[in-house]
Amino acid sequence: MSQHGVNSEINRLLGFLLLSVAIGLLLGQVLLTIIAGALLYIAYQLANMRRLLKWLKHHRLQEVPDANGLWGEIFDLLSRRKRLEIREKKRFKATIARITATTSALSDAVILLNSSYGLSWWNEATEELLDLKPRDIGSSIINFVRHPDFVNYLESGKYDIPLTLASPRNIEISLEFQFTPVGDGEALLVIRDITRIYKLEKMRKDFVANVTHELRTPLTVIRGYLEVLEDKLPEQSQDEHYPKALEQMRQQSLRMTTLINDLTMLSKLETDSVNKTQEYVQLKPLLEMICDEARAISTQGHEIILTCDKNLYLLANDRELHSAFSNLVTNAVKYSPDGKVIEVMASINLANNLLVEVKDSGIGIDQQHISRLTERFYRVDSSRSIQTGGTGLGLAIVKHILLRHDSRLQIRSIHGEGSTFTCVFPERRVKESDNISETSTNVNSKAV
Ligand code: ADP
C-alpha cells in the first residue's frame with residue numbers, strides 16, 4: 001500500500017470534517033454536523049468493505065470494483081495477487097499433469113506411501129501389477145503384498161538392496177521391490193517386473209549346475225583309467241613319452257576336477273537359500289584346522305602364525321566359513337615365495353565388527369587389479385595361477401560366502417610387498433563368551 005493512497009484517505013477524512021464543520025457553522029449546529037459527517041464517512045467505508053467482500057466471494061476477476069484512493073489501491077493489489085495465484089495454480093496443475101503423464105508411461109509401478117504404509121498415490125502400471133482400484137487409497141500396501149519377507153523388508157530399515165518376490169497375483173511373475181523413504185515419514189515404493197532377467201539368470205545358474213554335474217562322471221571315469229594306465233605303464237612301454245603324457249593328463253584331469261568342484265560350490269552358493277541353519281561357530285579351532293591344512297600344502301615351508309581368542313564365536317554356516325578362510329590362506333601360500341610368514345588374525349575392531357585377516361608378504365597385487373579380483377576367472381597372472389593349480393574362482397567364492405553372511409571382503413596390497421585380505425563381519429553375528437552352549441540355537445540369516 002503506497003503512502004499516496006494513505007495520504008489521499010487522510011485528505012478525504014479531513015475534507016469530510018471540514019465540510020461538516022462549515023455546514024455546522026452555517027446551521028449553528030457544529031457538533032451535530034460533525035457527527036453526521038463521521039457517520040457518513042463510516043457508511044462510505046462500510047460500503048467499500050461490502051464491495052470488497054462481495055468481490056472476494058464471487059472471484060470475478062475481470063470486474064474489479066471501481067474505487068479511488070486507498071480502496072482503489074486495495075482492490076488493485078488484491079486483483080494482481082489473485083491473477084498471480086491463478087497463474088501459479090495453472091502452472092502447478094500443468095506440472096502435475098506432466099508428472100502423471102510421465103509416470104503413466106513408466107512400465108514400473110510407482111507408489112507413494114504415507115508413514116503407516118498407506119497408499120497415497122500410484123501410477124497406472126501399479127493398477128495392473130497389484131490390481132489397485134481408486135477406492136484403495138489410504139489402505140496399507142501390506143494388504144496387497146502380504147508376503148512375510150515384504151513385511152520384514154519394510155520394517156528392516158535397510159533398503160539399499162531391493163527385495164525380489166513372486167507377484168502376489170501370479171507366481172510366474174518375479175517382482176523387484178525398492179523402498180525409498182522421502183522425508184516426513186513418506187516413502188516411494190518402486191516395483192519392477194524382472195521376470196525376464198530372473199528367468200535368464202535362473203537359466204544361466206541351471207546351465208552351470210547341469211554342465212558341472214554332467215562333467216563329473218566322465219571325468220571320474222577318465223581319472224580311473226589314467227590310474228590304471230599309470231600302474232600298468234612300466235610293463236608295457238619303453239617309450240619315454242608315455243610317462244610324461246600320462247603325468248600331464250593326470251594333472252589336467254586334476255585341474256578339471258578342481259574347476260568342477262569350484263563351479264559346483266559357486267552354483268550351490270547362488271541357488272541354495274541363505275536361510276540355512278546357522279549356528280555360533282568357535283573361530284579358533286576352525287582357523288587352526290585351516291592353518292594346519294595350509295601347512296600341509298605348503299611345499300616351501302611357509303611360517304603360518306595364527307592369532308585368535310578362543311572366546312570368539314561367529315553366527316555362520318561352518319562349512320561355508322571353512323571354504324572362505326581356506327581359500328584366502330591357500331592363496332597366501334600360493335602367492336608367497338619360500339619360507340615367508342603368513343599371519344591369520346581374528347580381532348574385534350573399534351566399530352565392534354569382527355575382522356578375520358590373512359596377511360602375506362608375497363608377490364602382492366597391482367592396484368589396477370584389486371577391484372576386479374572377485375570376478376569369476378579373473379587372474380592377475382593366469383600362467384602363475386594355473387601353475388599353482390588355481391581356477392580363478394577362489395575369491396568369487398569368498399565374496400559370495402561373505403555376502404551370505406551380511407559381510408564383505410577388503411583387499412589391501414602393494415605390488416612386490418604383500419597383501420592383506422580382510423573379512424569384515426557385522427557386530428550382530430559376533431559373540432565373545434567362554435560358554436556359548438546356551439546361545440548356540442539355530443538362527444536364520446537374512447539374504448543380501
Ligand atoms: P586363483 O584360483 O587363480 O588363485 P582366486 O580367485 O583365488 O583365483 O584369485 C584371483 C587372482 O587374485 C589370482 O589369480 C591371483 O592373481 C590374485 N591373488 C589372490 N590372492 C593373492 C595373494 N594372496 N597374493 C597375490 N595375488 C593374489
Side-chain angles (χ1 to χ4, degrees), residues 208 212 215 219 251-270 287 290-307 319-346 355-405 407-424:
V208 175
T212 44
L215 282 175
L219 197 61
Q251 269 181 17
Q252 293 303 325
S253 66
L254 205 67
R255 250 194 84 209
M256 273 181 81
T257 310
T258 322
L259 196 62
I260 287 173
N261 287 343
D262 278 0
L263 278 170
T264 311
M265 174 82 184
L266 256 179
S267 104
K268 265 173 126 7
L269 288 173
E270 281 184 333
L287 290 173
I290 291 167
C291 289
D292 285 344
E293 286 164 5
R295 282 182 197 109
I297 57 158
S298 156
T299 49
Q300 299 148 328
H302 294 89
E303 192 184 344
I304 303 176
I305 304 167
L306 172 66
T307 319
R319 288 184 59 179
E320 290 182 14
L321 267 197
H322 180 282
S323 172
F325 297 152
S326 172
N327 264 310
L328 294 180
V329 180
T330 312
N331 274 354
V333 170
K334 279 194 314 194
Y335 301 106
S336 298
D338 308 25
K340 288 277 185 186
V341 175
I342 292 163
E343 288 177 78
V344 180
M345 292 165 283
L355 308 183
V356 176
E357 284 175 276
V358 179
K359 185 175 175 193
D360 65 59
S361 38
I363 58 170
I365 308 153
D366 224 26
Q367 287 304 308
Q368 75 197 64
H369 300 290
I370 288 185
S371 61
R372 300 196 57 193
L373 286 185
T374 54
E375 285 174 23
R376 280 157 209 224
F377 299 111
Y378 189 86
R379 294 154 167 134
V380 175
D381 175 354
S382 60
S383 59
R384 186 180 178 115
S385 161
I386 290 166
Q387 186 195 326
T388 53
T391 58
L393 292 171
L395 291 180
I397 291 175
V398 175
K399 184 185 159 188
H400 254 84
I401 292 174
L402 292 186
L403 278 176
R404 286 162 69 87
H405 289 82
S407 313
R408 62 199 154 87
L409 180 67
Q410 275 177 357
I411 307 171
R412 276 172 288 140
S413 187
I414 299 174
H415 187 56
E417 288 187 21
S419 319
T420 306
F421 290 76
T422 310
C423 308
V424 186

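Please read all numbers here as calculations on a predicted model, not as lab measurements. Ligands are counted one by one from 1 in listed order, and the atoms in each one are counted from 1 as well.
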Exercise for review: State, to 0.1 Å, how close L355 and T422 come at their nearest heavy-atom pair, and which atoms those are.
Suggested key: CB-CG2, 4.0 Å

**Study point:** Nearest non-hydrogen partners of S419 and G364, listed with the distance
**Key:** OG-CA, 3.6 Å

Review point. Got a sec, which pairs hit salt bridge (charged side-chain N to carboxylate O under 4.0 Å, His left out) with one end in residues 369-382, sequence neighbours left out?
Key: E270-R376, R372-E375

**Study point:** T391/N261 under side chain to side chain contact (heavy atoms under 4.5 Å, CB included): CA gap, chis, key distance, verdict
**Key:** CA-CA 10 Å; T391 58; N261 287 343; over 6 Å; no

Give a table of atom pairs where an N or O of ligand 1 lies under 3.5 Å from a protein N or O.
unit_1, atom_1, unit_2, atom_2, d
ligand 1, 2 (O), T391, N, 2.8
ligand 1, 2 (O), G392, N, 2.9
ligand 1, 3 (O), Y335, OH, 3.4
ligand 1, 3 (O), S385, OG, 2.4
ligand 1, 3 (O), G392, N, 3.3
ligand 1, 4 (O), N331, OD1, 3.4
ligand 1, 4 (O), K334, NZ, 3.1
ligand 1, 4 (O), Y335, OH, 2.7
ligand 1, 6 (O), G394, N, 3.2
ligand 1, 6 (O), L395, N, 2.8
ligand 1, 7 (O), N331, OD1, 3.4
ligand 1, 7 (O), N331, ND2, 2.8
ligand 1, 7 (O), L395, N, 3.4
ligand 1, 8 (O), G392, N, 3.4
ligand 1, 14 (O), Y335, OH, 3.4
ligand 1, 16 (O), V380, N, 3.2
ligand 1, 20 (N), N331, ND2, 3.4
ligand 1, 23 (N), D360, OD2, 2.9

Point to revise | Residue list, side-chain hydrogen bond (donor to acceptor under 3.5 Å, both in side chains) with T212, at least two apart or on another chain | key: none

Practice item. State which residues pass side-chain hydrogen bond (donor to acceptor under 3.5 Å, both in side chains) with E303; sequence neighbours excluded, sorted by chain then number. Key: none

